[in-house]
Every structure is written in C-alpha cells, then in structure tokens.
**Q** 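Encoded as structure tokens, here's the structure I'll be asking about.
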Amino acid sequence: MCLAIPGKIVEIDDKKEHATVDYGEGTRRKANITLVDVKIGDYVLVHAGFAIQVLDAKEARETLNLFREMLSMEES
C-alpha cells in the first residue's frame, strides 16, 4: 500500500532541493522538494521521499488528525 503523508516544511537546504519535513510527534525526515515550489512553513504531501503537492494548512492538519485517530484505534 502506498501512502502520501502531509507534513510541514521546517528547513530548506541551500540548493533548494531538499527540505526537512515535520510530520508531528517528533518525526522529521528529509524530502526532495524539486517537484514543488515551497517555503518554510508550507505543508506538503510527501510520497516516497518526494514532496508532490502543496496543501493548505487546514487540510494538512485535518489529515494528520485523521492519521492520529487511526493509529490510536489500532493501539486500543
């Protein structure tokens, strides 16, 4: 199963090719950002290490909350 996960851009490298993306709960990963035009603070949808779409903040937060709810249901 392939998923694209929303996250927030918190750092962009000098070449503007990679960014650190914050997925919440202390999880941060590098992602390639060459397919999108982003700045720090933007939310993006990341699939297989590539940011593939810029999201509005409200939509991204709602999606992250849904993922948290699904995970909490699995744990209980």
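Predicted model only: the values in this text are computed from it and were never measured.
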**Q** Can you check whether Tyr23's main-chain N or O pairs, donor with acceptor, with Thr27's side chain at less than 3.5 Å?
**A** no

**Q** Less than 4.5 Å apart, side chain to side chain, heavy atoms only: is that true for Val38 and Val54?
**A** yes

**Q** Could you tell me which non-hydrogen atom of Thr20 sits nearest to which non-hydrogen atom of Lys30, and how far apart they are?
**A** OG1-NZ, 3.1 Å

**Q** Looking at every non-hydrogen atom in both residues, tell me the closest pair between Ala51 and Val36 and how far apart they are.
**A** O-CG1, 3.6 Å

**Q** Nearest 0.5 Å, what's the CD1-NZ distance between Ile40 and Lys8?
**A** 10.5 Å

**Q** Verify the neighbour count for atom CE of Met70: are there more than 12 heavy atoms of other residues, nucleotides or ligands below 6.0 Å?
**A** yes

**Q** Between Asp22 and Arg28, does any NZ, NE, NH1 or NH2 come within less than 4.0 Å of an OD or OE carboxylate oxygen?
**A** yes

**Q** Rounded to the nearest 0.5 Å, how far apart are CG of Leu55 and CG of Leu45?
**A** 5.0 Å

**Q** Quick check: closest heavy atoms across Pro6 and Phe67, and the distance to 0.1 Å?
**A** CD-CE1, 3.8 Å

**Q** Testing the basics here: between Asn32 and Leu35, what is the closest heavy-atom pair and its distance to 0.1 Å?
**A** OD1-N, 4.5 Å

**Q** Quick one, Ile9 and Val21 - any side-chain contact, counting heavy atoms below 4.5 Å?
**A** yes

**Q** Do Val46 and Leu3 sit in the same hydrophobic cluster, where Ile, Leu, Val, Met, Phe, Trp and Tyr count as joined when their side-chain heavy atoms come under 4.5 Å apart?
**A** yes

**Q** State, yes or no, whether a side-chain contact exists between Ile12 and Ile33 at a heavy-atom distance under 4.5 Å.
**A** yes

**Q** Suppose we screen for salt bridge (Lys or Arg N to Asp or Glu O under 4.0 Å). Which residues come up paired with Arg68, at least two apart in sequence or across chains?
**A** Glu25

**Q** Tell me the side chain to side chain donor-acceptor pair (under 3.5 Å) pairs involving residues 42-56, sequence neighbours left out?
**A** Lys39-Asp42

